[in-house]
Visitor: 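Handing you a structure now.
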Amino acid sequence: MSSTKSFQLWKGDQLPARPLSARFTATVARAASLLMKGPILLWQFWCMRSDLAVLAKMDRRELADIGLLPTDIGNALASIGPDKTGMLARVVNERRHRREQ
């Protein structure tokens, strides 16, 4: 009779859905993922800032040669998003297409 009671205590519906070791493994994997992404994101941010610094040093004529206005640099710096140089490239392409029409 005692064996029946112990069997009933360990039925599958009474066990936790994820044992402690699985939760711990998932937490460690998440933390490792964040630790690896951090330096990559920092490097991307640094490269983007250096590209924008080059553009910010240009005068009006140099910016006009590549299809930008000084206000475009300020708008890119104020925008939220990871790829500010990509945003500036889209601005140049839109202006070019408007002039061709």
Side-chain angles (χ1 to χ4, degrees):
M1 194 178 240
S2 64
S3 65
T4 316
K5 287 183 181 179
S6 64
F7 177 73
Q8 289 175 353
L9 290 176
W10 296 104
K11 279 187 173 179
D13 59 340
Q14 294 178 353
L15 291 175
R18 294 177 71 188
L20 179 63
S21 62
R23 280 185 271 166
F24 178 73
T25 304
T27 302
V28 169
R30 240 180 279 127
S33 172
L34 290 174
L35 286 174
M36 293 182 81
K37 285 181 185 177
I40 293 170
L41 292 174
L42 185 61
W43 176 256
Q44 290 173 344
F45 174 78
W46 185 261
C47 291
M48 177 201 59
R49 279 297 193 187
S50 64
D51 292 343
L52 283 176
V54 170
L55 290 172
K57 290 179 184 177
M58 292 182 177
D59 65 357
R60 285 181 181 270
R61 283 184 246 153
E62 291 172 326
L63 288 172
D65 286 343
I66 59 174
L68 290 171
L69 299 171
T71 56
D72 295 332
I73 306 300
N75 291 340
L77 289 171
S79 71
I80 297 173
D83 189 19
K84 298 178 186 308
T85 53
M87 186 195 90
L88 291 172
R90 285 189 296 276
V91 167
V92 170
N93 285 333
E94 288 172 6
R95 285 189 184 140
R96 187 176 300 142
H97 288 297
R98 274 191 244 137
R99 270 188 262 139
E100 289 174 357
Q101 290 178 353

Visitor: With the side chain counted from C-beta on, respond yes when Ile73 and Leu63 share a heavy-atom pair under 4.5 Å apart, and no when they do not.
Guide: yes

Visitor: With side chains defined as the heavy atoms from C-beta onward, is the minimum distance between Met58 and Leu55 less than 4.5 Å?
Guide: yes

Visitor: Mind checking the CG-NZ spacing from Asp51 to Lys84? Nearest 0.5 Å is all I need.
Guide: 13.0 Å

Visitor: Glu62: what forms a salt bridge (charged side-chain N to carboxylate O under 4.0 Å, His left out) with it, not counting sequence neighbours?
Guide: none

Visitor: Not counting sequence neighbours, which residues clear salt bridge (charged side-chain N to carboxylate O under 4.0 Å, His left out) with Arg60? List them please.
Guide: none

Visitor: Shortest non-hydrogen contact from Leu88 to Asp72?
Guide: CD2-O, 3.4 Å

Visitor: Given 3.5 Å as the limit, does a donor-acceptor pair link the side chain of Thr27 with the main chain of Arg23, or not?
Guide: yes

Visitor: Looking only at non-hydrogen atoms, find the nearest pair between Arg95 and Leu69 and report the distance.
Guide: NH2-CD1, 3.6 Å

Visitor: For the NZ atom of Lys57 and the CG atom of Leu52, what is their distance to the nearest 0.5 Å?
Guide: 12.0 Å

Visitor: Roughly how far, to the nearest 0.5 Å, is the CG atom of Asn93 from the CZ atom of Arg98?
Guide: 11.0 Å

Visitor: Ile66 versus Val92: any side-chain heavy-atom pair under 4.5 Å?
Guide: no

